[in-house]
Amino acid sequence: MKQKRENVRNVAIIAHVDHGKTTLVDELLKQSGVFREGQDVAERVMDSNDIERERGITILSKNTAVMYKDTKINIVDTPGHADFGGEVERVLKMVNGVILVVDAFEGAMPQTKFVLRKALELKLPVIVCINKIDRPEARPDEVVDEVLELFLELDADDSQLDCPFVYASAKTGVASMDSSKPGVSMEPLFETILNYIPAPEGDPDAGTQVLISTIDYNEYVGRIGVGKVDNGSIKVNQEVIICNHHEPDKHLKVKVSKLYEFDGLNKAEVKEAGIGSIVAISGIADIRIGDTLCSPDNILPIPFQKISEPTIAMQFMVNDSPLAGQEGKYVTSRHIRDRLFRELNTDVSLRVEETETTECFKVSGRGELHLSVLIETMRREGYEFAVSKAEVLYRTDENGKLTEPMELAYIDVPNEFSGSVIEKLGQRKGELRNMGTISGGTYTRLEFSIPARGLIGYRGEFLTDTKGNGIMNTIFDGYAPYKGDIQYRNQGSLIAFEPGEAITYGLFNAQERGILFISPGEKVYAGMVVGQTGRSEDIEVNVCKKKQLTNTRSSSADEALRLVPPRILSLEQALDFIDTDELLEVTPSSLRIRKKILDPTMRKRAAARNKQQ
């Protein structure tokens with residue numbers, strides 16, 4: 001007999017990147033009394049790892065729980081970036097409703113559409129929270145219309161269209177049901193959650209059924225499965241069967257060694273959990289996302305949607321440059337292999353494949369950001385390796401035709417830059433779908449359909465073309481027939497001619513040829529890329545060249561040589577810059593771009609062979 005558990009609510013917070021999800025969770029935690037008075041609380045407390053804090057984005061979905069009027073509200077904070085969409089897709093199976101956060105100025109953005117579609121497909125009720133209403137340029141009433149249009153576009157049913165709207169400022173910690181009246185606390189949002197999000201229901205007397213939606217990993221206890229108890233209850237030391245909707249033959253008998261529920265930011269150990277509880281289970285080595293834990297007398301896996309496939313791949317390989325092994329702690333193929341396969345414990349959207357050689361691994365993900373976050377994490381852990389340029393994953397359709405992943409790009413730029421953006425994306429096989437004005441006519445919003453490979457390496461160029469004022473958001477839009485060849489880069493590289501240390505005199509002569517990436521005193525080797533030239537072909541330069549000393553003095557001999565400051569590339573910029581015949585050498589303290597073939601003669605022979613083919 002199904003029953004509702006009225007003292008629990010399970011809700012996920014979904015939104016486009018930067019619309020204030022994590023800040024909103026901060027306020028809900030503060031106002032529910034999770035922190036003691038005077039406790040020092042970090043801003044965006046849910047973004048717990050260093051990269052999330054530095055970039056100001058959420059990468060992994062996190063669970064927390066607050067108490068409000070004797071009701072436990074389990075909250076899941078999800079990422080807003082399309083590259084981490086795999087995180088959002090699966091946590092929605094764990095909740096009974098969602099809070100859709102929309103910026104009161106930006107309105108409905110591409111990722112808003114993506115996450116909302118997923119929620120509506122699962123028939124989840126939606127609370128719309130119009131956030132940042134205290135922004136000077138906020139336009140809450142227009143944004144409400146945009147959101148309702150989006151609901152209609154996504155075929156929402158009548159009950160979903162009849163959703164409540166809450167107007168909030170997560171930063172100041174207030175919410176209100178009326179856009180013209182500022183609130184005083186988050187109480188209206190708490191009340192809306194209690195009244196509108198249904199209580200979880202299930203049969204407490206049936207056999208155990210827990211669907212694992214997230215995997216956490218801890219070096220001390222191994223894999224931790226997080227999921228919701230759908231039916232029955234789960235106890236410590238209980239014997240359960242692991243089964244999977246997509247793998248009918250999978251039946252593993254395991255024992256629950258430890259059980260936790262979420263309490264604020266911590267996990268509290270419990271002996272037993274009933275229907276509707278979101279629990280963390282440790283002690284099961286082979287547990288995976290999408291698995292169902294069932295009691296042995298009632299083996300019934302819960303259906304779980306397949307996670308979207310990766311669209312982009314890179315080669316991760318052992319660093320074999322002349323400077324290899326000097327800065328990293330973990331440098332061998334065994335170290336790199338173990339670390340990549342360990343990442344699969346927690347990241348379901350990632351694929352790691354071994355190649356013909358033991359020195360190289362093919363790593364596939366959802367986008368450039370997805371893979372660059374992995375590279376940055378490994379780098380900080382002391383790994384040293386090299387990566388190739390990102391390539392898209394092609395498929396062939398049923399007629400044997402080649403297809404490639406497409407993206408929808410939504411671009412907001414000041415009107416004077418729209419021409420150069422349209423021209424550049426046109427060269428990259430982009431197709432302009434829509435064009436309109438926003439922000440009182442000062443900005444243009446462009447909508448493009450473009451091959452995923454056309455966007456590789458474009459972001460840096462885009463920021464330069466728009467003087468840093470452009471905003472670009474992209475979202476995966478399925479596979480379409482191959483659109484033809486794209487030339488990624490029109491400029492060649494400046495390549496070091498000999499190994500040694502960069503000297504001011506050599507750099508001064510080299511800077512006439514283009515933009516330099518290195519400073520005096522840096523170690524270089526033959527075949528290393530030290531800058532970018534304005535010409536289309538590569539140029540070799542000698543940056544280690546010393547000035548010949550003679551005993552003749554001229555009037556200009558002692559003038560100080562002035563170097564233009566070098567362009568220091570970030571990890572993303574370096575990944576964008578490298579061409580198909582180059583590699584990025586990644587160490588804990590350096591990023592170096594190099595040619596795949598270091599020897600100049602061999603490189604020229606390989607280029608000649610490629611031209612003939």
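It should be emphasised that the depicted structure is a prediction, and the values quoted were computed from it without experimental measurement. Computed over heavy atoms, backbone and side chain alike; hydrogens, waters and symmetry mates excluded. Counting from 1, the numbers follow the sequence of the chain as shown.
Glu153 and Arg117 are not joined by a salt bridge, as no carboxylate oxygen comes within less than 4.0 angstrom of a charged side-chain nitrogen. One finds a salt bridge joining Glu261 and Lys72 here, because a Lys/Arg side-chain nitrogen approaches an Asp/Glu carboxylate oxygen to under 4.0 Å. Here Glu404 does not pair with Lys483 in a salt bridge; the nearest charged N to carboxylate O distance is not below 4.0 Å. At a threshold of 4.0 Å, the pair Arg351-Glu353 does not count as salt-bridged, since none of the basic side-chain nitrogens sits closer than that to a carboxylate oxygen.
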Practice prompt. Please lay out, stage by stage, how Arg139 and Glu146 fare under the test salt bridge (Lys or Arg N to Asp or Glu O under 4.0 Å).
Written response: CA-CA 11 Å; Arg139 45 185 192 97; Glu146 280 180 29; 2.9 Å; yes
Fill in: Ile281 vs Leu293, side chain to side chain contact (heavy atoms under 4.5 Å, CB included): CA-CA, chis, key distance, verdict
CA-CA 10 Å; Ile281 301 156; Leu293 302 183; 3.5 Å; yes
Item to complete: Run the numbers on Ile127 and Ile193 for side chain to side chain contact (heavy atoms under 4.5 Å, CB included), then give the verdict.
Response: CA-CA 8 Å; Ile127 296 171; Ile193 292 172; 4.1 Å; yes
Discussion item. Applying side chain to side chain contact (heavy atoms under 4.5 Å, CB included) to Ile450 and Glu431, what does each step give before you reach the verdict?
Written reply: CA-CA 6 Å; Ile450 183 167; Glu431 193 182 295; over 6 Å; no
Worksheet entry | Derivation of the side chain to side chain contact (heavy atoms under 4.5 Å, CB included) call for Val11 and Val76 | CA-CA 6 Å; Val11 63; Val76 188; over 6 Å; no
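In this structure, the side chain of Asn415 engages the main chain of Thr444 through a donor-acceptor pair within 3.5 Å. With hydrogens and angles ignored, the 3.5 Å screen pairs no side-chain donor or acceptor of Ser277 with any backbone N or O of Val279. Using modelled atom types, one side-chain atom of Arg9 and one backbone atom of Leu194 make a donor-acceptor pair closer than 3.5 Å. With hydrogens and angles disregarded, a donor-acceptor distance shorter than 3.5 Å links the side chain of Thr208 to the backbone of Ser233. Side chain of Asp162 to main chain of Asp158: no donor-acceptor pair is present (N/O by atom type, distance under 3.5 Å, no hydrogens or angles). The backbone N or O of Ala480 sits nowhere less than 3.5 Å from a side-chain atom of Thr403 that would complete a donor-acceptor pair. Side chain of Asp412 to main chain of Gly470: no donor-acceptor pair is present (N/O by atom type, distance under 3.5 Å, no hydrogens or angles). Here the side chain of Asp397 pairs a donor or acceptor atom with the backbone of Asn399 at under 3.5 angstrom.
Classified by interplanar angle (parallel below 30°, tilted 30° to 60°, perpendicular above 60°), the ring pair Phe190/Tyr68 is parallel.
Atom-to-atom distance recorded for Asp465:CG and Phe417:CZ is 9.0 Å, nearest 0.5 angstrom. Separating the CD1 atom in Ile75 from the CD1 atom in Ile278 is a distance of 10.0 Å, to the nearest 0.5 Å. Atom CG of Leu374 and atom CE of Met314 lie 9.5 Å apart (nearest 0.5 Å). To the nearest 0.5 Å, the span separating CE on Met94 from CG on Asp230 amounts to 11.0 Å. Leu446 CG to Tyr410 OH: the interatomic distance, rounded to the nearest 0.5 Å, is 12.5 Å. Once rounded to the nearest 0.5 Å, the distance linking SG of Cys129 with CD1 of Ile13 reads 8.0 Å.
Between the side chains of Asn7 and Thr71, no donor-acceptor pair of N or O atoms lies under 3.5 Å. Side-chain contact check for Glu572 and Ser372: at least one donor-acceptor pair (N or O, by modelled atom type) lies under 3.5 Å. In summary, the side chains of Ser159 and Asp157 do present a donor paired with an acceptor at a separation below 3.5 Å, with no hydrogens or angles considered.
In summary, of the residues considered (Val128, Val166, Ile197), a side chain to side chain contact (heavy atoms under 4.5 Å, CB included) with Thr192 occurs for Val166 alone.
The local environment of CG in Asn195 is crowded, with over 12 non-hydrogen atoms from other residues, nucleotides or ligands closer than 6.0 Å.
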